[in-house]
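This chain uses plain numbering: 1 for the first residue, then up along the sequence.
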Amino acid sequence: MDIFEKIAKNMGPLGQHQKWSHGYFSFPKLEGEIGPHMNFRGKEHLVWSLNNYLGLANHPEVRAADAQAALDYGMAYPMGARMMSGNSNHHEALEQSLAEFTGFEDAFLLNYGYQGILSAIDALVDRNDVIVYDAESHACIIDGVRLHMGKRFVYQHNDMESLQKQLERATKLTELSGGGILVITEGVFGMSGAQGKLKEIIDFKENFKFRLLIDDAHGFGTMGETGSGTHEQQNCGEGVDIYFGTFAKSMAGIGAFIASTEEITNYLRYNMRSQTFAKSLPMPMVLGLKKRLELLRTKPELKAKLWEIATALQTGLKDKGFNIGTTNSVVTPVFLKGELSEATAITMDLRENYGIFCSIVIYPVIPKGLIMLRLIPTAMHTLEDVQKTVAAFSEVRDKLEKGYYKEKKEVNL
């Protein structure tokens, strides 16, 4: 079987429906803020799949900072890796502000989130160490774990009894190898919306010796009184050894950061291959991120609005009998019973006939026979958007239960 045959086989029935997702959103050029209503194939759609939790993507102050920085520096400066010619006082100032905001001694900027945490995991462990990680960790964590040359054990999602068993196994190995244990979890799991059980994990430090790394991509900016993260929400920051946050969600930008002690952060600065051999973040991004962080810190009404929308959305869905799983964050999954063909038909129907665009999640991410529609509320959504969406979801669910999508009736385009 050659490579093309393997691709065709692995695509399976999903490949037959890929044409349904083709097309492009267009973003109107406005003087002020751009909301979640966008054009797709000439039609306006309400979008619940935007990485823009706090509405900072097109905030007037952010756009002005981005534009001024591009005017002052261009998109190329600084022209080198951080260790060579790619450092600046603005990069260092942003790192210090991030460290202070999240409650750690120091922080280190990363060019990208995915490659960043993958490379951090690679730098933190060697063949004598053991990684213990949550089964529902993001793909970037999984790929980082795959690079590990030593042992790695997975524990069932948010299952502390399972974690204890894996810690016992890991401890036996490290007692022989002389290595250490790195536990990895997420602050907020991006698919289910469930918070990682940080406090309960940290409690295990009484009986086991390990370091804790949390990926708080969805918690940074949305969780805690000030928005500094899930560790603030759960009041357990002292037990977190290494904190990872991304700029791609609440900050609506590019890049990420690692925060920890000054010793660990400096070690990562010189040992993360994805950063050592990569060009520094361009100045417009750095200055734009400084403005985003400033607004995140000084405008609590943005997070308050986000939570108002998220609470209304989740309450409205639950009142209509929808299963939204175990979410205790703003991430809002909606679970339905159905097959792949029905899942693609549902999302197409929502998009083409109800003007609603949202992400679809199917097997193998979730069990067979289930469909998950994943909604990401933002501070830019309105209560009217929520009402429209809950009503549309109710109609679509009725169609699903009556077999409308299983019969593969043609959806009007």
Undergrad: Closer than 3.5 angstrom, by distance alone: can the side chain of His59 be matched with the main-chain N or O of Glu61 as a donor-acceptor pair?
TA: yes

Undergrad: Is a side-chain N or O of Ser260 found less than 3.5 angstrom from the main chain of Asp241, in a donor-acceptor match?
TA: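 Such a contact is found between Ser260 side chain and Asp241 backbone.
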
Undergrad: Which distance, rounded to the nearest 0.5 Å, do you find between the CG of Leu281 and the OH of Tyr112?
TA: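 Rounded to the nearest 0.5 Å, the CG-OH separation comes to 8.5 Å.
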
Undergrad: Do any N or O atoms from the side chain of Gln156 and from the backbone of Ala135 form a donor-acceptor pair under 3.5 angstrom?
TA: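 No; zero donor-acceptor contacts below 3.5 Å.
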
Undergrad: Look at Lys291 together with Glu294 and state whether they make a salt bridge at an N to O cut-off of under 4.0 Å.
TA: yes

Undergrad: Is a side-chain donor or acceptor of Trp307 paired with a backbone partner of Thr222 at a separation under 3.5 angstrom?
TA: yes

Undergrad: More than 12 foreign heavy atoms under 6.0 Å from NZ of Lys197: is that the case here?
TA: yes

Undergrad: For Lys151, look at atom NZ and say whether over 12 heavy atoms of other residues, nucleotides or ligands are found less than 6.0 Å away.
TA: no

Undergrad: With sequence neighbours excluded, tell me which residues meet side chain to side chain contact (heavy atoms under 4.5 Å, CB included) with Leu293.
TA: Leu94, Ser97, Leu98, Phe101, Phe220, Met251, Arg297

Undergrad: Can you list the residues that meet the side chain to side chain contact (heavy atoms under 4.5 Å, CB included) rule with Asp66, with sequence neighbours excluded?
TA: Val62, Arg292

Undergrad: Considering only residues two or more places apart or on different chains, which pairs with a residue in residues 113-134 satisfy ring-ring contact (aromatic ring centres under 6.0 Å, His included)?
TA: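 Passing the test, one end in residues 113-134: no pairs.
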
Undergrad: Within the 4.5 Å heavy-atom criterion, are Asp126 and Asp129 side-chain neighbours or not?
TA: yes

Undergrad: What's the shortest heavy-atom distance between Leu50 and Pro36, and which atoms?
TA: CD1-CA, 3.9 Å

Undergrad: Could you walk me through whether Glu232 and Met223 pass the side chain to side chain contact (heavy atoms under 4.5 Å, CB included) check?
TA: CA-CA 7 Å; Glu232 181 187 36; Met223 304 297 292; over 6 Å; no

Undergrad: Can you measure from CD1 (Ile131) to CD (Gln166) and round to the nearest 0.5 angstrom?
TA: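 Between atom CD1 of Ile131 and atom CD of Gln166 there are 13.5 Å.
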
Undergrad: Does Arg211, at its CZ atom, have more than 12 non-hydrogen atoms belonging to other residues, nucleotides or ligands within less than 6.0 Å?
TA: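 Check fails, neighbour count at 12 or below.
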
Undergrad: With sequence neighbours excluded, tell me which residues meet side chain to side chain contact (heavy atoms under 4.5 Å, CB included) with Thr185.
TA: Asp134, Tyr155, Phe189, Leu198, Ile201, Leu212, Ile214

Undergrad: Once the angle between the rings of Phe257 and Tyr243 is folded into 0 to 90°, is it parallel (under 30°), tilted (30 to 60°) or perpendicular (over 60°)?
TA: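 Aromatic pair Phe257/Tyr243 classed tilted.
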
Undergrad: Shortest non-hydrogen contact from Gly193 to Val188?
TA: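 For Gly193 and Val188, the tightest heavy-atom pair comes out as O-CG1, 4.0 Å.
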
Undergrad: Can you list everything that forms a side chain to side chain contact (heavy atoms under 4.5 Å, CB included) with Leu54? Sequence neighbours excluded, please.
TA: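 Side chain to side chain contact (heavy atoms under 4.5 Å, CB included) list for Leu54, sorted by chain: Leu56, Ser250, Leu296, Leu302, Lys303, Leu306.
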
Undergrad: May I have all residue pairs that pass ring-ring contact (aromatic ring centres under 6.0 Å, His included) and include part of residues 72-98, sequence neighbours excluded?
TA: Tyr73-Tyr77

Undergrad: Considering non-hydrogen atoms only, spot the tightest contact between Leu110 and Met272 and give its length.
TA: CD2-CE, 3.6 Å

Undergrad: May I have the step-by-step check of side chain to side chain contact (heavy atoms under 4.5 Å, CB included) for Leu350 and Leu373, ending in yes or no?
TA: CA-CA 11 Å; Leu350 281 170; Leu373 301 174; 4.0 Å; yes

Undergrad: Where the side chain of Thr344 meets the backbone of Ser341, is there a donor-acceptor pair that is under 3.5 Å apart?
TA: yes

Undergrad: Quick one: does any side-chain atom of Lys279 pair with a main-chain N or O of Pro78 as donor and acceptor, under 3.5 Å?
TA: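 Judged by distance alone, yes, a pair lies under 3.5 Å.
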
Undergrad: Assess the side chains of Ser49 and Ser359: does a donor N or O sit below 3.5 Å from an acceptor N or O?
TA: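 Yes - a donor-acceptor pair under 3.5 Å links their side chains.
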
Undergrad: According to salt bridge (charged side-chain N to carboxylate O under 4.0 Å, His left out), who are the partners of Arg169, at least two apart in sequence or on a separate chain?
TA: none

Undergrad: Side chain to side chain contact (heavy atoms under 4.5 Å, CB included) between Phe322 and Thr332: does it pass, once the steps are laid out?
TA: CA-CA 11 Å; Phe322 283 98; Thr332 306; over 6 Å; no

Undergrad: How far apart are the closest heavy atoms of Thr265 and Ala259, and which atoms are they?
TA: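 Heavy atoms only, the tightest pair is OG1-C, 4.4 Å.
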
Undergrad: Please identify each residue that fulfils side chain to side chain donor-acceptor pair (under 3.5 Å) with Ser274, with sequence neighbours left out.
TA: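 Partners of Ser274 by the side chain to side chain donor-acceptor pair (under 3.5 Å) criterion, ordered by chain and then number, come out as Ser119.
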
Undergrad: Could Lys399 and Asp349 be called an ion pair, given the rule that one side-chain N must be under 4.0 Å from one carboxylate O?
TA: yes

Undergrad: Can you list every pair that meets salt bridge (charged side-chain N to carboxylate O under 4.0 Å, His left out) and has a residue in residues 248-263, with sequence neighbours left out?
TA: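 Checked against salt bridge (charged side-chain N to carboxylate O under 4.0 Å, His left out) - neighbours excluded - no pair reaches residues 248-263.
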
Undergrad: Looking only at non-hydrogen atoms, find the nearest pair between Arg273 and Asp122 and report the distance.
TA: CD-OD2, 4.2 Å

Undergrad: Surrounding CE of Met160 (heavy atoms of other residues, nucleotides or ligands, distance under 6.0 Å), is the total greater than 12?
TA: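 For Met160, atom CE is crowded (more than 12 foreign heavy atoms under 6.0 Å).
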
Undergrad: Indicate the atoms forming the closest heavy-atom contact of Ile242 with Ile264, along with that distance.
TA: CG1-CG2, 4.3 Å

Undergrad: Applying salt bridge (charged side-chain N to carboxylate O under 4.0 Å, His left out), which residue pairs with at least one partner in residues 319-339 are found, sequence neighbours left out?
TA: none

Undergrad: Can you check whether Phe104 and His231 have ring centres sitting under 6.0 Å from each other?
TA: yes

Undergrad: Output yes when a side-chain donor or acceptor of His148 lies under 3.5 Å from a complementary backbone atom of Val145, and no otherwise.
TA: no

Undergrad: Quick one: pull up CD1 in Ile362 and CG in Leu340 and give me the separation to the nearest 0.5 Å.
TA: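 Spacing of CD1 (Ile362) from CG (Leu340) equals 4.5 Å.
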
Undergrad: For Thr246 and Gly255, indicate whether the former's side chain and the latter's backbone hold a donor-acceptor pair under 3.5 Å.
TA: yes

Undergrad: Not counting sequence neighbours, list each pair that qualifies as a salt bridge (charged side-chain N to carboxylate O under 4.0 Å, His left out) and has a residue in residues 380-390.
TA: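 Listed by first then second residue: nothing to list.
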
Undergrad: I'd like to know if the side chain of Gln314 and the backbone of Ile324 have a donor-acceptor N/O pair within less than 3.5 Å.
TA: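 Not confirmed, Gln314 side chain does not pair with Ile324 backbone.
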
Undergrad: Enumerate the salt bridge (charged side-chain N to carboxylate O under 4.0 Å, His left out) contacts for residues 81-106, please, sequence neighbours excluded, ordered by first and then second residue.
TA: Arg82-Glu95, Glu95-Arg269, Asp106-Arg269

Undergrad: Can you tell me if CD1 on Ile142 sees more than 12 non-hydrogen neighbours from other groups inside 6.0 Å?
TA: yes

Undergrad: How about Asp203: does its CG atom have over 12 heavy atoms from other parts shown lying under 6.0 Å from it?
TA: yes

Undergrad: Evaluate Asp216 against Thr230 for side-chain hydrogen bond (donor to acceptor under 3.5 Å, both in side chains), listing each step before the verdict.
TA: CA-CA 7 Å; Asp216 208 20; Thr230 311; 2.6 Å; yes

Undergrad: Let me confirm one number: the OH-CE distance from Tyr354 to Met348, rounded to the nearest 0.5 Å.
TA: 13.5 Å

Undergrad: Should we say atom CZ of Phe210 is surrounded by more than 12 heavy atoms from elsewhere, each under 6.0 Å from it?
TA: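 Counting neighbours around CZ of Phe210, more than 12 heavy atoms of other residues, nucleotides or ligands fall under 6.0 Å, so yes.
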
Undergrad: Count the heavy atoms of every other residue, nucleotide or ligand shown that sit under 6.0 Å from NZ of Lys172, and state whether that count exceeds 12.
TA: no

Undergrad: When you look at Gln195 and Gln233, which way does the side-chain hydrogen bond (donor to acceptor under 3.5 Å, both in side chains) test go after all the steps?
TA: CA-CA 10 Å; Gln195 294 179 45; Gln233 178 76 27; 5.3 Å; no

